[in-house]
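Presented below is the structure to which this report refers.
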Amino acid sequence: MKGKAPAKRGLGGPNKSKSNGDSFFNPDTKRRRKGGFRDDDIESGESDQENGYPGSDASSGHGDEDEEIDEYADETAAEKKVRLGKEALQNLMAIEKKRAEEDDGEVEEGKGYEKEGERDSLVARKLMKEQLEESGRLRRDVASRVQKPETGDGFRYLVKHTHPVTAVCLSDDELRGFSASKDGSIVSWDIESGKSERYKWPTDKILKSHGAKDPEGRATKHSKSVLALAVSPDGRYLASGGSDRHIHLWDTRTREHVQAFPGHRGAVSCLAFRHGTSELFSGSFDRSIKIWNVADRTYISTLFGHQSDVLNVDCLRKERVLAVGRDRTMQFFKVPEESRVIFRSSTSALESCCLIDYEDFFSGSDDGSVELRTVQRKKPVDCIRDAHAMPSDIRDEEKDNRKPSNAYSWVSSVAACRGSDLAASGAGNGSVRLWAINSSPKVIRPLFDLPLVGFVNSMAFAKSGKFLVVGIGKEPRLGRWGKISDAQNGVVIHRLKLSEEDVSKF
């Protein structure tokens, strides 16, 4: 120990010129800094800036970043939330101030304080409005802002699939989308550029190590046919379900398989994440709905009630699940209360559903009609008959067949722009229809028809309402009851033009 003391002093004082001239000393100091030594651990008479070491202020200019990291190193989660909230508030006030200056020009003397008070009040109302919309207690006015599409504003193909697309979903940041098809392919793609990346299924050995069980019945291997997709609210996980009766969990960053959830005794037909959480709801042909925790990779519970295949599920932030099945019922499950509300359809089978908010929901039937329902009433509050009537050319063609099919008018998919009054429905009749869901009175108001050839098997709205993504197939999602030869299997996008929001409503 005594023999090392002079060497330590030599770095700091008498050998200053030597340390600057001899390259032996610089790498040694560099290694010390990378090893995490602090200034109080190694005494030195020189600063990094004087020596010009890599990573110092003089050489790389990252000193401010280091100071910022050190400043927030001991920050707790609550303190970070407060800091980020203050920064967001300051940014919002700066935007409103700039907008006010552009509108009013120079403010007269003595009226500056009045303008600032109006601006603060406007910011407060805007923040309160955003909080109510996010919690689902206030419905955003989006449908009235949708402008009529022009002739060239049709659907544009983003990704092409070999087989019919069965499911599409979007990340919360509206930057990436995901799609799956009957052949088991899962693809992620960029919304703007359309650049796609394919997920690769692991071997059976890896699947078993991740929790998958051996196939049951006559099956000799796991079926890769995918029927449902859902992406977690944080965008980290992608869940897929299909004919192999498992729910597969994928890491969206690496596109690798991370977990398989067995438990269903039938094909997994639908998936939905609860907003803001890692809870996943899965519906199956075994007539049950199961709840999973993706973060902990655990099973939670099972919901029973349907007497036939579960076709579609949807949920928002609360523990409320909406599901439709082939038993001609739509059931609204209240998970904590362990209760449910049953809505029956006497004339047609329900095919699809989505939640508008915690009280109203939108559904489609196999007779081509769409309905608006509410929790307070067992019967629909509004219904549009023949919303997706079969086209005359297809009707004449089906009359010549021995077994005519009405699958072209089945409303196989409905979607709602989250927290707003904008909804859409799709079938195989050649168009996607946009609807406005009025809250008072509760009625469905038609907006626009968007021409599209093929079976609309899945849809997803951007949270902002700026675009609609549709999964198209030559055949229906769950069978082969019809075929449209002119259709192309793939994912299409339609960008909606929205007018400016009226700030006077805040």
Side-chain angles (χ1 to χ4, degrees), residues 84 88-89 91-92 95-96 99 122-123 125-150 153-156 158-159 168-179 188-194 229-235 252 272-276 314-317 354-357 360 362 413-426 432-439 445 447-448 450 458-471 491-506:
L84 294 177
L89 179 60
N91 292 335
L92 183 59
I95 293 173
E96 294 298 334
R99 181 181 297 176
L122 177 62
V123 170
R125 292 197 301 270
K126 191 171 184 178
L127 289 174
M128 185 178 296
K129 181 174 179 289
E130 290 179 354
Q131 195 275 334
L132 292 174
E133 290 173 351
E134 186 67 24
S135 63
R137 289 178 288 176
L138 181 64
R139 192 178 298 177
R140 289 185 294 144
D141 186 12
V142 177
S144 61
R145 296 168 52 205
V146 178
Q147 300 179 10
K148 184 177 180 179
E150 298 178 358
D153 295 340
F155 282 98
R156 179 177 61 87
L158 275 177
V159 180
V168 295
C169 61
L170 295 172
S171 60
D172 273 9
D173 57 10
E174 303 180 8
L175 297 179
R176 296 198 64 81
F178 306 86
S179 58
S188 66
W189 25 271
D190 185 85
I191 295 293
E192 295 297 332
S193 65
L229 285 179
V231 61
S232 60
D234 59 2
T252 58
F273 273 97
R274 184 159 73 93
H275 295 173
D314 192 24
C315 60
L316 297 177
R317 186 174 293 272
C354 66
L355 285 164
I356 305 297
D357 51 31
D360 301 337
F362 189 56
S413 179
V414 294
C417 182
R418 188 191 309 172
S420 75
D421 58 349
L422 179 63
S425 61
V432 172
R433 301 197 67 179
L434 299 181
W435 309 92
I437 310 299
N438 293 348
S439 57
R445 182 168 54 87
L447 290 179
F448 308 109
L450 309 177
S458 182
M459 294 190 297
F461 263 112
K463 185 179 177 181
S464 61
K466 293 182 179 180
F467 59 87
L468 173 67
V469 172
V470 181
V491 180
V492 295
I493 184 173
H494 194 292
R495 300 192 181 276
L496 303 175
K497 295 182 179 179
L498 304 179
S499 60
E500 291 292 332
E501 193 170 6
D502 187 4
V503 296
S504 62
K505 296 182 180 180
F506 295 154

| task | State whether the side chain of S413 and the backbone N or O of G426 hold a donor-acceptor pair below 3.5 Å, judged by distance alone. | result | no
| field | Nearest heavy atoms of S179 and L229, plus distance in Å | value | C-CD1, 3.5 Å
| If you take all heavy atoms of R274 and L316, which pair is closest and at what distance? |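 Heavy atoms of R274 and L316 come nearest at CG-O, 3.2 Å.
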Side chains of [X] and [Y], heavy atoms from C-beta outward: is any pair under 4.5 Å?
| X | Y | answer |
| --- | --- | --- |
| I493 | V469 | yes |
| L496 | L422 | yes |
| V146 | L498 | yes |
| V142 | F461 | no |

| Partners of R495 by salt bridge (Lys or Arg N to Asp or Glu O under 4.0 Å), sequence neighbours excluded? |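 Here the qualifying residues are E192.
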| field | Results of salt bridge (Lys or Arg N to Asp or Glu O under 4.0 Å) for D190 - residues two or more places apart only | value | none
Who passes side chain to side chain donor-acceptor pair (under 3.5 Å) against [X], sequence neighbours left out?
| X | result |
| --- | --- |
| E174 | S464 |
| S425 | H388, W435 |
| D421 | none |
| S499 | none |

With sequence neighbours excluded, residues passing side-chain contact (heavy atoms from CB on, under 4.5 Å) with [X]:
| X | answer |
| --- | --- |
| T252 | F178, Y199, L238 |
| A436 | A143, N438, R445, L447 |
| S232 | D234, R236, Y237, F273 |
| D360 | R139, I356, D357, L372, T374, K442 |

| Out of curiosity, R145 CZ to E500 CD, how far, rounded to the nearest 0.5 Å? |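 Nearest 0.5 Å value for the CZ-CD distance: 7.5 Å.
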| Can you name the ring-ring contact (aromatic ring centres under 6.0 Å, His included) partners of F155, sequence neighbours left out? |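 Checked F155 against ring-ring contact (aromatic ring centres under 6.0 Å, His included); matches are H494.
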| Using a distance-only test with no angle check, is there a side-chain donor-acceptor pair under 3.5 angstrom linking R176 and S188? | yes
| remark: Only one of V231, I191, L175 passes side chain to side chain contact (heavy atoms under 4.5 Å, CB included) with L170, and that residue is I191
